[in-house]
There are 2 protein chains.
Amino acid sequence: MNNNESFAEILKGLQLKATTRRLAVLSILSGEQAYASPEEIWKKLKRKLNTIGLPTVYRILEELSDNGVITKIIHPSRQLYYYYCGNAGHHHHFICVSCRKVEDLNFCASREIENEVSRNLKGRVLSHILQINGLCEPCSRKKGAINAF
Amino acid sequence: MNNNESFAEILKGLQLKATTRRLAVLSILSGEQAYASPEEIWKKLKRKLNTIGLPTVYRILEELSDNGVITKIIHPSRQLYYYYCGNAGHHHHFICVSCRKVEDLNFCASREIENEVSRNLKGRVLSHILQINGLCEPCSRKKGAINAF
DNA sequence: TAACAAACAGAAATCGTTTCTATTTGACCA
DNA sequence: TGGTCAAATAGAAACGATTTCTGTTTGTTA
Ligand SMILES: [Zn+2]
Ligand SMILES: [Zn+2]
Ligand SMILES: [Zn+2]
Ligand SMILES: [Zn+2]
């Protein structure tokens, strides 16, 4: 089973049509080594498709993100970025604000948090954000990398 | 020492002038029970000051947030919100996406994360986000509250 | 292959946020 | 207390990432 077929399966499972556009977005994104902006993804898509609108890219990225197929990056600049992470299961990310590399963290405090919220606050957790912003090893050696964002 | 005086001290410590505008922003924000948007804060400021520009509000909020005096809320809608939290020391928040209440969490995984990043990834942590989005106790009882944001 | 809802293109609008420049203010000191 | 100067601000304007809208196309199912 190649990537396109497995992506089609994923979309079908979410009751989303396996359109050329959606498969192309997943193909591009899964080939990226770093998180990418909607416009960057759009520019790459235009090379392989006759026509593709930027609003379509926004819509597809949001759909896939809402369904957990891709990850939305919370960038300090507040611009939107997305990343495809093959790692199944709930986890969080260390992102490099300089070169945009994404690395998995094997840590999540969701249990402790859930306990505290439900016990002390009697509230209901809908979602949680845990993201570490920093510089990856190569970037932390470069002087001035921190100014790049 | 009243609030204004202590806020002036804080600003002085940050080498920021204790201007009428900055003190007014802190006064408004410290009286809020919920996180507020720049425009909402601006509207309240206009009631107590002759003139105040919206760009000024944005600038002051960002300054105070950068210096850790107030907290920036990472809202699912990606709009900017700020909150004044009197609780000194590093901590994180549970926010209600319906009524905008903010509650403190006594939990932060920064040590574990720092260890994992520096040991496994050899990277450098610049900042981390940990925020729990949900519904507070009263809102979780109301039907339809989840649709309010 | 026909039918229909879902998905899309392209243009346009939206609006939260930032930039810019002239003016005012606050901190400091004589 | 008044003078000085950099810091801070007002107001207008621009910005640009994101969203909305409408007519058209596409994918799925039978
Ligand atoms: Zn991952
Ligand atoms: Zn988690
Ligand atoms: Zn707090
Ligand atoms: Zn923390």
Side-chain angles (χ1 to χ4, degrees), chain A residues 4-5 7-28 35-43 45-67 69-70 72-82 149, chain B residues 4-5 7-28 35-43 45-67 69-70 72-82 149:
Chain A
N4 255 13
E5 284 167 5
F7 287 146
E9 298 274 329
I10 291 172
L11 293 173
K12 205 170 295 183
L14 298 169
Q15 294 173 327
L16 295 173
K17 290 184 180 175
T19 65
T20 310
R21 305 286 176 272
R22 286 189 179 125
L23 291 171
V25 166
L26 281 168
S27 167
I28 294 277
Y35 53 89
S37 72
E39 187 160 5
E40 288 162 352
I41 295 162
W42 177 55
K43 282 177 180 164
L45 285 165
K46 284 199 288 189
R47 292 183 202 142
K48 58 160 60 177
L49 298 173
N50 299 336
T51 58
I52 173 110
L54 187 51
T56 301
V57 177
Y58 272 91
R59 183 173 28 75
I60 291 175
L61 289 170
E62 190 178 14
E63 277 168 359
L64 295 176
S65 170
D66 286 345
N67 285 292
V69 182
I70 62 176
K72 187 183 290 191
I73 301 294
I74 310 287
H75 199 268
S77 74
R78 299 187 29 262
Q79 229 211 299
L80 275 178
Y81 291 97
Y82 292 94
F149 72 101
Chain B
N4 255 12
E5 283 167 6
F7 287 146
E9 299 274 329
I10 291 172
L11 292 172
K12 207 170 291 184
L14 298 169
Q15 293 172 329
L16 296 174
K17 291 183 178 173
T19 65
T20 310
R21 305 287 176 273
R22 287 189 178 125
L23 291 171
V25 167
L26 280 168
S27 167
I28 294 276
Y35 52 91
S37 72
E39 188 160 3
E40 289 162 352
I41 296 162
W42 178 55
K43 282 177 179 164
L45 286 164
K46 284 199 289 189
R47 292 184 204 143
K48 59 160 59 177
L49 298 174
N50 297 337
T51 58
I52 174 115
L54 187 51
T56 300
V57 178
Y58 272 91
R59 184 175 25 77
I60 290 176
L61 289 170
E62 190 177 15
E63 278 168 357
L64 295 177
S65 170
D66 286 346
N67 285 293
V69 182
I70 62 175
K72 188 184 289 189
I73 301 294
I74 310 288
H75 199 268
S77 73
R78 298 185 32 263
Q79 228 211 302
L80 274 179
Y81 291 98
Y82 292 94
F149 73 100

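By convention in this document, chain letters (A, B, ...) are assigned in the order of the sequence lines, proteins followed by strands, and residues within each chain are numbered from 1. Predicted model only: the values in this text are computed from it and were never measured.
At least one side-chain nitrogen or oxygen of A:Thr19 sits closer than 4.0 Å to the OP1 or OP2 atom of C:dC8. The side chain of B:Arg21 contributes an N or O atom lying less than 4.0 Å from OP1 or OP2 of D:dA10. Note on B:Arg78: a side-chain N or O is less than 4.0 Å away from OP1 or OP2 of D:dT18.
A tilted orientation is assigned to the rings of A:His75 and A:Tyr81, their planes being inclined by 30° to 60°.
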- Item | Step-by-step side-chain contact (heavy atoms from CB on, under 4.5 Å) determination, B:Arg22 to B:Thr56 | CA-CA 9 Å; B:Arg22 287 189 178 125; B:Thr56 300; over 6 Å; no
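The nearest whole Å value for the distance from the CG atom in B:Leu11 to the P atom in D:dA8 is 10 Å. Atom NZ of B:Lys12 and atom P of C:dG26 are 13 Å apart (whole Å). Atom C1' of nucleotide C:dT25 and atom CG of B:Leu16 are separated by 15 Å, given to the nearest angstrom. The distance from atom CD of B:Glu62 to atom C1' of D:dA8 is 15 Å, rounded to the nearest whole Å. Regarding A:His75, its NE2 atom lies at a distance of 12 Å from the P atom of D:dT18, rounded to whole Å. Note: CG (B:Leu23) to P (D:dA8) measures 13 Å, nearest angstrom. One interatomic measurement links the two molecules: CD of A:Gln15 to P of C:dA7, which rounds to 11 Å at whole-angstrom precision. Rounded to whole Å, the distance from CD on A:Glu9 to C1' on D:dT28 is 15 Å.
Rounding to the nearest 0.5 Å gives a distance of 9.0 Å between CG of B:Leu61 and CG of B:Leu26. The line from CD1 of B:Ile73 to OG of B:Ser37 is 12.5 Å long, rounded to the nearest 0.5 Å.
Residue-level contact check: B:Thr20 touches the backbone only, with heavy atoms under 4.0 Å from sugar-phosphate atoms and none from bases. Backbone-only engagement by B:Leu80 is indicated by non-hydrogen atom pairs under 4.0 Å involving sugar-phosphate atoms exclusively. Heavy atoms of A:Arg59 sit under 4.0 angstrom from at least one base atom.
Considering only the side chain of B:Tyr58, C:dT17 comes nearest among D:dT9, D:dA10, C:dT17. Side-chain atoms of B:Thr56 lie closest to D:dA10 of the nucleotides C:dG10, D:dA10, D:dT28.
Between A:Lys46 and A:Ile52 the shortest heavy-atom distance is CG-CG2, 3.7 Å.
Toward the 5′ end of DNA chain C lies the nearest nucleotide of A:Leu54, the other residue of the pair A:Leu54 and B:Pro38 mapping further downstream. For the pair A:Glu39 and A:Pro55, nearest-nucleotide mapping onto DNA chain D gives the more 5' position to A:Glu39. Residue whose closest nucleotide on DNA chain D sits further toward the 5' end, between A:Gln79 and A:Lys17: A:Gln79.
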